[in-house]
Number of protein chains: 2
Amino acid sequence: MTQTLDVRTKLQVTCHNCSLSELCIPRGLNQCDIDRISQIVGRKKTLQKGDYLYRKGDRFRGILAIKAGTAKIVTMDQSGNEYMTAYLLPGELLGFDALADDRHTCSAMALETLSYCELPAEQLDALCRDVPNLLRELFRHAGNTLAAETSQIVLAKRPAEERVAGFLINLSDRLARRGFSPLDFRLSLTRQEIGNFLGLALETVSRILKSFEDGGLIEVNYKQIRIQNLDGLRRLCAEY
Amino acid sequence: MTQTLDVRTKLQVTCHNCSLSELCIPRGLNQCDIDRISQIVGRKKTLQKGDYLYRKGDRFRGILAIKAGTAKIVTMDQSGNEYMTAYLLPGELLGFDALADDRHTCSAMALETLSYCELPAEQLDALCRDVPNLLRELFRHAGNTLAAETSQIVLAKRPAEERVAGFLINLSDRLARRGFSPLDFRLSLTRQEIGNFLGLALETVSRILKSFEDGGLIEVNYKQIRIQNLDGLRRLCAEY
DNA sequence: CGGAAACTTGAAACCTTTCAAGAGTCGTGG
DNA sequence: CCACGACTCTTGAAAGGTTTCAAGTTTCCG
């Protein structure tokens with residue numbers, strides 16, 4: 001039985017019994033390793049919708065793991081235009097945008113009530129020495145972040161319909177991997193934000209969702225999406 | 001005196017006297033560290049235009065550093081469409097697309113005669129133990145790769161003219177940082193490849209370069225570009 | 001319950017692509 | 001060294017996809 005994506009779901013406090021442990025940092029680490037990490041990660045913190053996990057220009061504080069809720073990664077250009085570069089689900093890690101020069105190049109904002117844990121920067125070095133496999137895990141996660149952006153670059157070069165289809169498929173896949181229903185979920189993004197993420201006008205997003213609904217591919221009720229024909233969506237999208 | 005980007009320039013063999021050492025892996029490492037890396041990196045290898053440094057699906061062999069020549073990073077979708085995700089200059093590192101699961105998710109192709117060095121995967125662990133700062137350098141470079149893709153995502157959401165302007169500015173900046181002339185260079189990409197990289201038709205690239213020339217911003221002679229008004233270009237581009 | 005925000009829908013405008021043709025360049029071989 | 005052919009680049013015109021503008025509807029939150 002899968003749970004519906006819902007921030008009110010109570011999640012556990014330590015890495016041991018965290019439902020995200022398979023996806024979060026401690027993948028492929030043994031019990032003893034997880035003990036050490038669990039001590040350092042500490043209690044989760046909670047934010048409200050619109051709060052920042054970090055802001056562009058902030059010093060790197062550590063790698064963060066979302067336990068519940070969703071977040072968006074955004075950056076701005078000189079003219080003040082906002083660009084969303086990622087949409088993050090529970091179990092996903094963020095903070096890698098500060099890897100290059102110890103300062104965040106993007107901001108991370110909670111899209112709803114959100115809780116997260118933190119692997120503090122100042123303890124990363126020591127922790128990596130004590131837990132050799134952790135290093136590999138961190139590189140693996142940095143690699144995942146990179147792969148997600150590569151995929152974003154590819155999708156951005158496809159026509160509008162494919163971008164929206166790809167967005168839904170990507171979301172469905174990631175929800176499934178994290179134990180949420182892959183066919184029935186509630187978007188925490190507005191049409192405006194989806195459009196910004198995909199490089200489309202919000203009206204285009206609305207129209208394409210409608211056309212998918214007319215085609216029997218999905219059922220749309222404002223932010224609630226139910227996928228009725230996942231294969232049909234996949235066939236629309238060259239990338240998946 | 002800066003040198004013109006030219007693959008025939010003879011470059012040195014070891015990290016010690018490599019003109020790229022400031023940009024390549026050994027930044028912020030001491031002489032002794034560089035000694036160790038230099039031994040392992042070994043002699044550079046040479047490829048011809050069209051040769052692959054690695055292919056999508058290949059096992060991760062190591063981090064590569066371009067000593068001379070340029071390369072493109074490409075990936076393909078199911079329909080066989082090619083997407084270029086990066087354009088790399090001498091002194092730049094590649095291979096991070098295999099970080100997530102030890103297999104390359106993209107291919108890297110030489111755009112002209114190219115030479116490179118290799119930091120072999122199987123020695124990375126040991127080397128990182130011996131040279132603690134190397135790890136930080138590798139993370140820093142992974143972060144740079146990520147930042148470059150983020151910038152690509154942002155640029156892809158701007159109108160065609162800004163994308164081309166941004167492409168030229170980005171190239172100019174990177175050439176300058178590497179000791180090449182930032183105002184006079186030869187593209188190793190065709191209009192088709194630039195278009196693919198920027199998500200534009202090749203004709204659009206051609207037309208926009210022409211319009212920049214008409215506006216006195218640049219001088220175009222096929223692949224040879226001379227920037228006459230860098231500030232003017234920058235003003236066209238919200239991102240820079 | 002009221003007002004602001006979010007979403008939908010239609011029509012016109014606009015930017016970019018596609019199609020097409022011609023000119024220039026580069027590398028190879030005679 | 002020149003000629004040929006393949007490839008690349010340029011340029012124009014029409015077609016097409018997406019955005020913008022505008023108005024109306026629904027939802028959400030205080």
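Chain identifiers are assigned alphabetically (A, B, ...) following the order of the sequence lines, protein sequences preceding nucleic acid strands; residue numbering begins at 1 within each chain.
Proximity of B:L88 to B:Y116: side-chain heavy atoms (C-beta onward) are nowhere separated by under 4.5 Å. Residues A:N81 and B:K157 fail the side-chain proximity criterion, which asks for heavy atoms closer than 4.5 Å. Side-chain atoms of B:V164 and B:L198, non-hydrogen and from C-beta on, do get closer than 4.5 Å to each other. Under the 4.5 Å side-chain criterion, counting only non-hydrogen atoms from C-beta, A:Y83 is not in contact with B:I153. A:F180 places none of its side-chain heavy atoms less than 4.5 Å from the side chain of A:F185.
The closest donor-acceptor contact from the side chain of A:E149 to the backbone of A:L146 lies at 3.5 Å or more, if one exists at all. At distances below 3.5 Å, not a single donor-acceptor pair connects side-chain atoms of B:E112 with backbone N or O atoms of B:S188. The backbone N or O of B:H141 sits less than 3.5 Å from a side-chain atom of B:T145, completing a donor-acceptor pair. A donor-acceptor pair under 3.5 Å links the side-chain atoms of B:R163 to the main chain of B:G199, judged by distance alone.
Considering B:L209, B:L230, B:I194, B:D173 as possible partners of B:L168, the one that fulfils the side-chain contact (heavy atoms from CB on, under 4.5 Å) test is B:L209.
In this structure, B:L200 places its CG atom 16 Å from C1' of D:dT10, rounding to the nearest Å. When rounded to the nearest whole Å, the span between CD of B:Q192 and C1' of D:dT10 equals 15 Å. Per the geometry, CG belonging to A:N196 stands 12 Å off P belonging to D:dT20, to the nearest Å.
Expressed to the nearest 0.5 Å, how far CD1 of B:I73 lies from OH of B:Y87 amounts to 12.5 Å. Here OG1 of B:T70 is found 10.0 Å from CZ of B:R186. Values are rounded to the nearest 0.5 Å. How far NZ of A:K45 is from CG of A:L53: 10.5 Å, rounded to the nearest 0.5 Å.
The ring-ring contact (aromatic ring centres under 6.0 Å, His included) search around A:Y54 returns A:H104, not counting sequence neighbours.
Residues from residues 201-220 of chain B with heavy atoms under 4.0 angstrom of DNA chain C, sorted by number: B:A201, B:E203, B:T204, B:R207. Proximity of residues 159-168 of chain A to DNA chain D (heavy atom under 4.0 angstrom from any strand atom) is restricted to A:P159, A:A160.
Note on the helix from C:dC1-D:dG30 to C:dG30-D:dC1: terminal axis deviation equals 60°, with five pairs used at each end and the result rounded to 10°.
Among the protein residues, A:G195 comes within range of no part of the nucleic acid, since none of its heavy atoms lies under 4.0 Å from any strand.
With a heavy-atom cut-off of 4.0 Å to chain A, the contacted part of DNA chain C has its first and last nucleotide at C:dC7 to C:dA11.
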All N/O contacts under 3.5 Å from nucleotides 26-29 of chain D to the protein, with atom names and distances to one decimal?
from   : atom 1 : to     : atom 2 : distance (Å)
D:dT26 : O4'    : A:Y222 : OH     : 3.4
D:dT26 : O3'    : A:Y222 : OH     : 3.1

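For the pair A:R174 and A:E92, the tightest heavy-atom approach, listed with the atom from each and the gap, is NH2-OE1, 2.8 Å.
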